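Taking it in order: structure first as structure tokens, then the write-up.
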Amino acid sequence: MDKLATWQTEHGVNPYPYTFTPTHTSTGLHNTYAELENGTETEDTVTVAGRIMAIRNSGMFLDVMDTKGKIQVFCHKESLPAEFLPQLKLLDIGDIVGATGTIRRTPRGELSIRAKSFQLLSKSLLPLPEKFHGLTDKETRYRQRYLDLIMNETTRDTLRKRSAIISSIRQYLVDAGYLEVETPILQPIAGGAAAKPFTTHHNALDMDLFLRIAPELYLKRLVVGGLSEKVFELNRNFRNEGISPKHNPEFTMMEVYEAYADYHDMMTLTENLMAHAAKVATGSTKVMYQETEIDFTAPWPRKTMAECVKEATGVDFMAIETDDAAREAGKQLGVHVREFDRWGHVLEQVFEEKIEHTLIQPIHITDYPVEISPLAKVHRDNPRLTERFETRVNGWEVANAFSELNNPIDQRQRFESQLGERDQGNDEAHQMDTDFVTALEYGLPPTGGLGIGIDRLVMLLTNSTNIRDVIAFPTLKQKS
RNA sequence: GCGAGUUUAGCUCAGCUGGUAGAGCAAUCCCCUUUUAAGGGAUGGGUCCAGAGUUCGAAUCUCUGAACUCGCACCA
């Protein structure tokens, strides 16, 4: 652009200088001078910096936006030294500038800085989207998130809240004595969940590796080793599956393991963590999501999966003895049943198709069938069930937790049973991880474990209806 | 993967039954020094998503493809 050259040749200005030192933020000034009356001038000199979002009256009024907000810079020819006036004409919407001047409030009530000087800090070469409608095209908003952030306060707010939520969870756990750890993202066996992994290859080792679908098996190894009785990891998982408003191929999971705890303890921890995060993000444990108020205030109801199904359908799966009878019952209820489904698969399928979407307020669904819970400990009162729960909010799975299976003999059998399912066509059945079984053979203490889907929690706490709105750079197809 | 929809200027969008490509904002130039989407005047700006077809003539009709959006499926 010509203006870029003009800055350099006619004004000897480097349009991309190295440093600048603002003394104040826009929001800080709005707070400090909240009581300043209209039409008042002060002698208080401040320096701010930010992006020009609007220019009015040929540069007399600049709206400057910094991370905290906006403030008007008032460039009047009587208060701005004459040498700045030609430079004023060279400013564009989108330029980043610093300005120094005195605080005043205009007769119409706009807190402003009466500029004594300003400095170009970065020249913008591309025009910003139109100011009134802003940037609304969803594709551009996701592909060029920087533009979305410049133009849309909601986007800035959502992603800042995401950061606050993650910090609050981390801080809560650290304060409670949990040790934050890191475990491999590149794994030779993608374990800890049922999902299709991304595959990659290490050249020097000539070895295929998988991006992890869950950190679970490594975190339990750390508990076996006694690194800490309470560990957690807050990081990305990768699942090679469809993209939807609730699924991104890479997503953020918090997993925590606590020795000598069981799944009841994990329910309490889930409630405390989410209620805390809700308060940090929204100021309250009662959160408006779309048209519904969701109440995260602890404690939350707990109900077994079989009870839910019995209440909603009248069918008591606990009274069904065989897999054949379970499949028949599933078909009777109009639920999708596969030929290799056993009692537990059918029970879960009925739950998902008939009940899940009705669970709006936070609830722990407990006592999952053993067939679909290969890493959870058998229920102390019933061998067909496990001590596992999933927390549902707004019909979504937001947490999954167990009393961890720590009996190595049982674990080996569960893996073998999963291999059997794999042979029957369930390509997401769990793989055998012999080293993990070996770790259990050295002894994992009784342990409670919990995973929380951070992105979905952030969606709920920021009133977002698409997971892409809570991920700064969501996965998109490459433009050809 | 399936269905519906969208794709036109930097942005937000018009463009009818096929007949020379439009507006507002942004940009450039001029006027204007107390504006709040500032205002007035002038000017420039297009691979109408891509390719093929129908037609004298296609942004518009047909087919194929692409990206996106929404819904569904998948995601135990």
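Heavy-atom basis, side chains included; hydrogens, waters and symmetry copies ignored. Note that the structure is a prediction, hence the values are computed from the model and not measured.
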Does [X] put a side-chain nitrogen or oxygen below 4.0 Å from OP1 or OP2 of [N]?
| X | N | answer |
| --- | --- | --- |
| R141(A) | U69(B) | no |
| R56(A) | U34(B) | no |
| K131(A) | U36(B) | no |
| T106(A) | U34(B) | no |
| N400(A) | A76(B) | no |
| K138(A) | U69(B) | no |

Go ahead and name the base partner of [N]; Watson-Crick or wobble counts if both distances stay under 3.5 Å, otherwise write none.
| N | result |
| --- | --- |
| G10(B) | C25(B) |
| C74(B) | none |
| A50(B) | U64(B) |
| U69(B) | A4(B) |
| G45(B) | none |

Quiz item: If each of L88(A) and I55(A) is mapped to the nucleotide of RNA chain B with the nearest heavy atom, which maps nearer the 5' terminus, i.e. the 5' end?
Solution: L88(A)
Show me the protein contacts with nucleotides 4-9 of chain B, counting only N or O atoms at under 3.5 Å.
none

Side-chain contact test, heavy atoms from C-beta onward, threshold under 4.5 Å: evaluate it for [X] versus [Y] and give yes or no.
| X | Y | result |
| --- | --- | --- |
| I213(A) | F198(A) | no |
| V309(A) | K354(A) | no |
| K116(A) | T45(A) | no |

Quiz prompt | Qualifying residues under ring pair (Phe, Tyr, Trp, His ring centres under 6.0 Å), relative to H364(A), sequence neighbours excluded | solution =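 Once residues adjacent in sequence are excluded, the partners of H364(A) under the ring pair (Phe, Tyr, Trp, His ring centres under 6.0 Å) criterion are W300(A), F389(A).
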Quiz item: Between R156(A) and E153(A), is there a salt bridge with N-O shorter than 4.0 Å?
Solution: yes
Practice problem: Look up atom OG in S112(A) and atom NE2 in H76(A), then write down how far apart they are to the nearest 0.5 Å. | Solution: 12.5 Å
When rounded to the nearest Å, what value does the distance between [atom1] atoms of [N] and [M] take?
| N | M | atom1 | value |
| --- | --- | --- | --- |
| G45(B) | U54(B) | P | 34 Å |
| G65(B) | A4(B) | P | 13 Å |
| A59(B) | G19(B) | P | 9 Å |
| A66(B) | G24(B) | P | 38 Å |
| C30(B) | C48(B) | C1' | 33 Å |
| A37(B) | U12(B) | C1' | 13 Å |
| G15(B) | G71(B) | P | 26 Å |
| G10(B) | A26(B) | P | 16 Å |

Quiz item: Which word best sums up how the rings of F317(A) and W343(A) line up, parallel for under 30°, tilted for 30 to 60°, or perpendicular for over 60°?
Solution: tilted
Self-check item: Donor-acceptor contact below 3.5 Å, side chain R114(A) vs main chain T102(A)
Solution: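 Pair absent, no side-chain N/O of R114(A) close to backbone of T102(A).
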Quiz prompt | Side chain of R143(A) (C-beta onward), nearest among A76(B), A67(B), G10(B) | solution = A67(B)
